[in-house]
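Letters go in sequence order (proteins before strands), and every chain restarts at 1. Predicted model only: the values in this text are computed from it and were never measured.
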Amino acid sequence: MSMKKDKHITMREAKERTGLTSRQIRYYDEQNLIFPARSKGNQRLFSESDLQRLLKIKKLLAAGNSIETIRLKMKTPQAKEIDPYAQLSEFEDSINDYADEELDSLYPVSNRFALLKKLTFNDHDINDQEFEEEN
DNA sequence: CTTCTGACA
DNA sequence: TGTCAGTA
C-alpha cells in the first residue's frame with residue numbers, strides 16, 4: 001500500500017505556496033536549509049516536507065533568527081526520522097510558535113497550543129490568587 | 001516561457 | 001536580495 005505520493009513540486013509552485021522569491025529559495029537551498037531533489041535537467045524538485053521547511057524558515061527568519069541558528073534548530077530530515085527526541089523537540093517548538101498568539105476566550109479552542117501554554121503559564125498565578133483568597 | 005548558476009550597482 | 005547574463 002503506497003503512502004502519500006511524493007508529487008514533485010516545481011519552483012513556481014514553491015514560490016506561490018511560500019510567498020518567497022526564487023532567489024530566497026535558492027539561497028536557503030545553498031545554505032543547506034532544504035534538500036530538494038533534482039530532475040534530469042537539474043531543476044529543483046521540492047517535496048511536501050521541503051515546502052513545510054520553507055514556511056518554517058520564513059517564520060524563524062521573520063522572528064529574527066540567523067541562517068546559522070535556523071540550520072541548527074531544524075536539523076536534517078534524516079535526523080528527525082532517527083532521533084525520537086527530535087520529534088519531541090519539534091513539538092515543543094510548535095507550542096512556542098503558536099502560543100504567542102492572542103487567546104481572547106477559551107471557547108474558540110481552535111488554538112490548542114495557545115490554550116495549553118496559557119494554562120501552564122497561569123498555573124502558579126492562579127494558585128497564588130486562590131491562596132490569598134483562602135487566607 | 002521558466003529555471004539554473006554565478007556575479008555584482 | 002534584486003537583477004542581469006547565458007544556458008538548458
Side-chain angles (χ1 to χ4, degrees):
Chain A
M1 292 171 251
S2 60
M3 301 286 276
K4 291 181 180 178
K5 297 177 181 177
D6 284 14
K7 185 163 46 182
H8 58 273
I9 298 172
T10 63
M11 172 59 87
R12 167 172 296 183
E13 189 174 347
K15 288 190 298 182
E16 299 176 335
R17 291 177 58 181
T18 63
L20 295 168
T21 64
S22 57
R23 176 73 167 81
Q24 294 174 306
I25 296 175
R26 294 190 184 105
Y27 179 64
Y28 303 153
D29 183 17
E30 182 183 310
Q31 295 303 308
N32 298 305
L33 265 42
I34 56 175
F35 316 93
R38 294 294 184 126
S39 68
K40 290 184 178 180
N42 197 38
Q43 303 280 97
R44 263 167 270 253
L45 299 178
F46 302 92
S47 66
E48 213 54 55
S49 63
D50 284 322
L51 269 289
Q52 301 290 42
R53 292 175 69 83
L54 284 173
L55 291 173
K56 184 72 177 179
I57 293 168
K58 183 181 181 182
K59 203 168 189 175
L60 293 175
L61 231 37
N65 296 94
S66 67
I67 297 294
E68 178 62 31
T69 299
I70 296 176
R71 186 184 304 142
L72 296 173
K73 189 180 183 61
M74 295 179 74
K75 292 193 175 183
T76 69
Q78 318 297 335
K80 289 167 62 180
E81 296 179 20
I82 301 174
D83 182 9
Y85 294 102
Q87 295 183 40
L88 175 59
S89 175
E90 190 171 63
F91 174 69
E92 296 176 329
D93 289 340
S94 298
I95 292 180
N96 292 323
D97 287 343
Y98 294 99
D100 291 331
E101 296 175 16
E102 290 300 326
L103 186 62
D104 302 324
S105 169
L106 294 182
Y107 291 102
V109 197
S110 56
N111 190 331
R112 289 158 50 187
F113 290 120
L115 175 58
L116 175 58
K117 181 164 186 177
K118 200 168 191 65
L119 289 175
T120 57
F121 246 42
N122 297 339
D123 197 356
H124 63 285
D125 293 329
I126 294 176
N127 290 330
D128 288 341
Q129 293 181 321
E130 295 179 338
F131 185 72
E132 290 178 24
E133 292 176 357
E134 292 176 352
N135 290 309

Give the B/S/- string for nucleotides 2-8 of chain C, one per nucleotide from 5' to 3', where a protein heavy atom under 4.0 Å of the base yields B, of only the sugar-phosphate yields S, and otherwise -. BB-----
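- Judged as a salt bridge (Lys or Arg N to Asp or Glu O under 4.0 Å), and not counting sequence neighbours, the contacts of Glu90(A) are Lys80(A).
- Counting non-hydrogen atoms under 4.0 angstrom, Lys15(A) reaches the backbone sugars and phosphates but no base.
- The side-chain contact (heavy atoms from CB on, under 4.5 Å) search around Asp83(A) returns Lys75(A), Tyr85(A), Ala86(A), not counting sequence neighbours.
- Residues meeting the side chain to side chain donor-acceptor pair (under 3.5 Å) test with Gln52(A), sequence neighbours left out: none.
- Near-neighbour residues of DNA chain B inside residues 26-36 of chain A, defined by a heavy atom below 4.0 Å, number-ordered: Arg26(A).
- With sequence neighbours excluded, no residue forms a side chain to side chain donor-acceptor pair (under 3.5 Å) with Arg53(A).
- The strand DNA chain B forms stems, runs of 3 or more Watson-Crick or G-U wobble pairs with distances below 3.5 Å, at B:4-8 with C:2-6.
- Asn32(A) is linked by a side chain to side chain donor-acceptor pair (under 3.5 Å) to nothing, counting only residues two or more places apart in sequence or in another chain.
- Applying the salt bridge (Lys or Arg N to Asp or Glu O under 4.0 Å) rule to Glu30(A) yields no partners; only residues at least two apart in sequence or on another chain are considered.
- A sub-4.0 Å separation between OP1 or OP2 of dT5(B) and a side-chain N or O of Arg44(A) is present.
- Looking at Lys58(A), its side chain never comes within 3.5 Å of a backbone N or O of Leu20(A) through a donor-acceptor pair.
- Rounded to an integer number of Å, the gap from Lys58(A) NZ to dT1(C) C1' is 15 Å.
- For Arg26(A), the side-chain contact (heavy atoms from CB on, under 4.5 Å) partners two or more places apart in sequence, or in a different chain, are Met11(A), Ser22(A), Arg44(A).
- With sequence neighbours left out, the side chain to side chain donor-acceptor pair (under 3.5 Å) criterion links Glu13(A) to Arg17(A).
- Distance CG (Leu45(A)) to P (dT3(B)): 12 Å, rounded to an integer number of Å.
- Here Ser49(A) pairs with Ser47(A) under the side-chain contact (heavy atoms from CB on, under 4.5 Å) rule; sequence neighbours left out.
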